[in-house]
Amino acid sequence: MKPEYRKYLLEYYHNSAWWNLTIPATSEEDVFDRIDQIRNAKLLGTVEIEIPASLGLLARMLCWLQNRLR
């Protein structure tokens with residue numbers, strides 16, 4: 001059975017402003033485990049567009065093609 005993921009909202013202070021971050025996780029413990037792993041993250045770039053998964057395989061293929069052509 002697939003675990004149920006919920007979006008957890010976090011808040012942090014940086015450069016004189018408050019910022020929010022959402023992390024999908026299965027529990028609060030999972031959230032903190034994921035936060036601990038952020039130090040191992042690598043920057044992949046900026047998000048140019050978000051396409052809902054409900055648009056299906058064609059949308060994913062078009063995104064993949066656009067990313068490959070850049």
Side-chain angles (χ1 to χ4, degrees):
M1 185 156 78
K2 189 175 173 182
E4 180 183 339
Y5 286 86
R6 298 178 67 190
K7 290 183 180 180
Y8 287 83
L9 181 63
L10 296 100
E11 181 179 60
Y12 64 97
Y13 191 76
H14 178 69
N15 286 341
S16 303
W18 284 97
W19 298 87
N20 295 314
L21 172 69
T22 57
I23 295 182
T26 57
S27 66
E28 287 186 18
E29 180 181 351
D30 188 24
V31 171
F32 292 113
D33 289 343
R34 290 170 185 271
I35 291 170
D36 288 341
Q37 290 302 313
I38 288 176
R39 77 183 95 240
N40 299 322
K42 65 179 181 177
L43 180 62
L44 300 177
T46 61
V47 176
E48 299 297 325
I49 189 169
E50 291 185 28
I51 298 176
S54 61
L55 293 180
L57 182 61
L58 179 61
R60 287 186 295 227
M61 289 173 50
L62 290 173
C63 287
W64 177 85
L65 180 61
Q66 180 183 11
N67 289 335
R68 296 298 289 175
L69 295 176
R70 287 188 180 191

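Owing to the predicted nature of the structure, the values given are computational and were not obtained by experimental measurement.
- The structure places CD1 of Ile23 at 13.0 Å from OH of Tyr5, a figure rounded to the nearest 0.5 Å.
- To the nearest 0.5 Å, atoms CD1 (Ile38) and CG (Asp33) are separated by 11.5 Å.
- Atom CG of Asp30 and atom CZ of Arg6 lie 12.5 Å apart (nearest 0.5 Å).
- There is a path of hydrophobic side-chain contacts, each under 4.5 Å, that joins Leu69 to Trp64.
- Note on Leu9 and Phe32: separate hydrophobic clusters, where clusters join Ile, Leu, Val, Met, Phe, Trp and Tyr whose side-chain heavy atoms are under 4.5 Å apart, directly or indirectly.
- Annotation: Glu29, atom CD; neighbour count of heavy atoms from other residues, nucleotides and ligands within 6.0 Å does not exceed 12.
- Pro24 approaches Arg34 most closely through the heavy-atom pair O-NE, 3.3 Å.
- Residues satisfying the ring-ring contact (aromatic ring centres under 6.0 Å, His included) test with Trp18, not counting sequence neighbours, are Tyr13.
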